[in-house]
Asks: 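Just passing along the structure, written as structure tokens.
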Amino acid sequence: MKSTIEFNVALDNLPVYQPGRPIEEVARELGIPAADIIKLASNENPLGPCPEAVTAVEQAARQMHLYPDGNAFYFKQKLAAHLGVDTANLILGNGSNELLEFVGHALLSPGADVVASEYCFAVYPIVSRLFGANFISVSAKNYGHDLPAMLKAITPKTKIVFVADPNNPTGTLAPRKDLEQLVNEVPPHVLLVIDQAYIEFMEDPFDLIPTVASGAKPNVILMRTFSKIYGLAGLRLGYGIGDRGLITKLEKIRQPFNINSIAQAAGLAALDATEYTRKARQVNSAGLRFYEAAFKTLSLEYVSSSGNFILVRVGNGQSVFDSMQRQGVIVRPMGGYKLPEWIRISVGTEQENQRCLAALKTALGQN
Ligand SMILES: *Cc1c(COP(=O)(O)O)cnc(C)c1O
């Protein structure tokens with residue numbers, strides 16, 4: 001029997017997100033033990049999960065027969081205090097990826113325009129097209145977002161502007177004055193999403209929280225995650241910070257139990273992990289310096305990164321990726337981002353970085 005189901009037409013040409021390859025999958029394919037493989041492909045935290053969260057998860061597991069608190073009362077209270085905002089300024093997501101979908105549900109329909117940058121996070125065009133919106137990609141400048149050009153690309157039909165700052169996969173940071181101008185001049189009919197998944201890796205980031213939480217910019221939302229700085233990518237916990245009116249609208253879309261009880265307990269405990277996050281920043285900046293020095297020695301072009309990963313031009317990105325993978329080092333090829341000559345390497349521990357560099361040199365025939 002042939003199905004005659006009429007699927008949503010948006011699904012016809014919808015791009016599919018290509019995640020970093022899981023260690024177990026590569027181990028099965030290569031027939032080598034998983035323990036011999038390192039993954040530097042998804043910007044995960046090389047220190048492992050923050051220990052405070054691990055302890056909390058073990059305890060929370062004993063209560064997992066109960067539904068979670070749908071409003072995550074204790075976690076939200078503590079997160080609000082940590083950020084210096086009110087709980088009414090916060091919305092929680094099953095990863096910040098879910099929040100990206102919330103704004104799609106809230107604002108997009110066929111005919112709407114979405115503005116983002118060339119080399120932007122792959123989820124933005126996927127969410128936009130899922131809801132039938134036109135995705136307007138503004139040319140990058142030196143691999144980074146050209147925010148003044150993005151401001152000019154806004155039309156009366158534009159519903160959302162997505163900006164990741166620092167950006168993934170390029171690691172670029174927008175000039176502060178450009179970001180200020182965008183926040184100040186974005187028209188009131190547009191929601192400006194500023195995705196700050198990597199902001200905690202920066203020493204002195206531009207703090208937009210007071211601007212959005214005060215209600216001064218009711219059409220700007222900041223998105224953050226516990227996946228990167230707290231090492232909790234597998235748990236799925238992200239949040240948005242915005243004007244309370246905006247948050248109230250988005251809350252209508254959220255499923256009541258989108259944040260499971262284990263994640264709530266882990267997030268609550270992770271907020272105390274100051275020693276772990278300090279170490280994570282330190283290991284990351286040392287790793288970035290290591291790769292930059294190595295790429296200079298190898299005369300490889302790279303993009304200066306404000307994130308926990310670095311983009312480097314290696315020639316044939318896919319074949320370098322394949323060679324490194326055969327050597328047990330998983331990185332990310334960038335063909336899907338229209339950067340076929342580049343790979344993206346997530347910063348690992350010192351040992352992982354050395355092994356990765358050795359594999360890269362072998363792949364390039366340079367050792
Ligand atoms: C990693 C990342 C996120 C975080 O995703 P989660 O769903 O919270 O794991 C969001 N935005 C960008 C640009 C990222 O690179």
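Ligands are counted one by one from 1 in listed order, and the atoms in each one are counted from 1 as well. Computed from a prediction, not measured in an experiment: that's the story for all the values here.
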Asks: Work out which heavy atom in S139 is nearest to a heavy atom in E118; give both atom names and the distance.
Replies: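 That closest heavy-atom pairing would be CA-OE1, 3.4 Å.
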Asks: Is the shortest distance from a heavy atom of R236 to ligand 1 less than 4.0 Å?
Replies: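 Distance cut 4.0 Å: R236 passes for ligand 1.
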Asks: With backbone taken as N, CA, C and O and side chain as the heavy atoms from C-beta onward, which portion of E98 lies under 4.0 Å from ligand 1: side chain, backbone, both, or neither?
Replies: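 For E98, there is no contact with ligand 1 at all, from either part.
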Asks: Among L192, V138, T158, which residue satisfies the side chain to side chain contact (heavy atoms under 4.5 Å, CB included) criterion with M150?
Replies: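 When L192, V138, T158 are each tested with M150, the side chain to side chain contact (heavy atoms under 4.5 Å, CB included) holds only for V138.
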Asks: Looking only at protein heavy atoms, which one is nearest to atom 5 (O) of ligand 1, and what is the separation?
Replies: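 Sorting protein heavy atoms by distance from atom 5 (O) of ligand 1 puts N97 ND2, 3.1 Å first.
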Asks: Is the shortest N/O to N/O distance between Y124 and ligand 1 below 3.5 Å?
Replies: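 No; the residue has no nitrogen or oxygen that sits under 3.5 Å from a nitrogen or oxygen of the ligand.
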Asks: Looking only at heavy atoms, is any part of K228 under 4.0 Å from ligand 1, and if so is it the side chain, the backbone, or both, or is it neither?
Replies: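 Within the 4.0 Å criterion, K228 contacts ligand 1 through side-chain atoms alone.
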Asks: What about the rings of Y119 and W342, do their centers lie closer together than 6.0 Å?
Replies: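 They do not qualify: ring centres at least 6.0 Å apart.
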Asks: Out of all atoms in ligand 1, which are within 4.0 Å of some heavy atom of G95? Include the element for each.
Replies: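 Here the atoms of ligand 1 in question are 6 (P), 7 (O), 8 (O).
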Asks: What do you reckon, does S96 put a non-hydrogen atom under 4.0 Å from ligand 1?
Replies: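 It does; at least one heavy atom falls under 4.0 Å.
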Asks: Pull out every atom of ligand 1 sitting under 4.0 Å from any heavy atom of N168, numbered as shown with elements.
Replies: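 Counting from 1, the qualifying ligand atoms are 13 (C), 14 (C), 15 (O).
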Asks: Please state whether D195 comes within less than 4.0 angstrom of ligand 1, counting heavy atoms only.
Replies: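 Right, D195 reaches ligand 1.
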Asks: With heavy atoms only and a cut-off of under 4.0 Å, state how S227 meets ligand 1: side chain, backbone, both or neither.
Replies: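 Side chain only.
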Asks: Please determine if R289 and E292 form a salt bridge, counting it only when a charged side-chain N lies under 4.0 Å from a carboxylate O.
Replies: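 Result for this pair is no, no salt bridge flagged.
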Asks: Looking only at atom types and distance, does a side-chain atom of T362 sit under 3.5 Å from a main-chain N or O of A358, one as donor and one as acceptor?
Replies: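 Yes: the side chain of T362 pairs with the backbone of A358.
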Asks: Under a 4.0 angstrom heavy-atom cut-off, which atoms of ligand 1 come close to A197?
Replies: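 So the atoms of ligand 1 that pass are 2 (C), 3 (C), 10 (C), 11 (N), 12 (C), 14 (C).
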Asks: Taking the six-membered ring for Trp, are the ring centroids of F121 and F162 within less than 6.0 Å of each other?
Replies: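 Not close enough - the centres of the two rings lie 6.0 Å or further apart.
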Asks: If I take atom CD1 from residue I23 and atom CZ from residue R28, how far apart are they, to the nearest 0.5 angstrom?
Replies: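 Output value for this atom pair is 12.0 Å.
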Asks: Should the proximity of Y198 to ligand 1, defined as any heavy atom under 4.0 Å, be assigned to the side chain, the backbone, both, or neither?
Replies: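 Answer for Y198: side chain.
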Asks: Between Y239 and F75, is the ring centre distance below 6.0 Å?
Replies: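 Between Y239 and F75, the centre distance exceeds or equals 6.0 Å.
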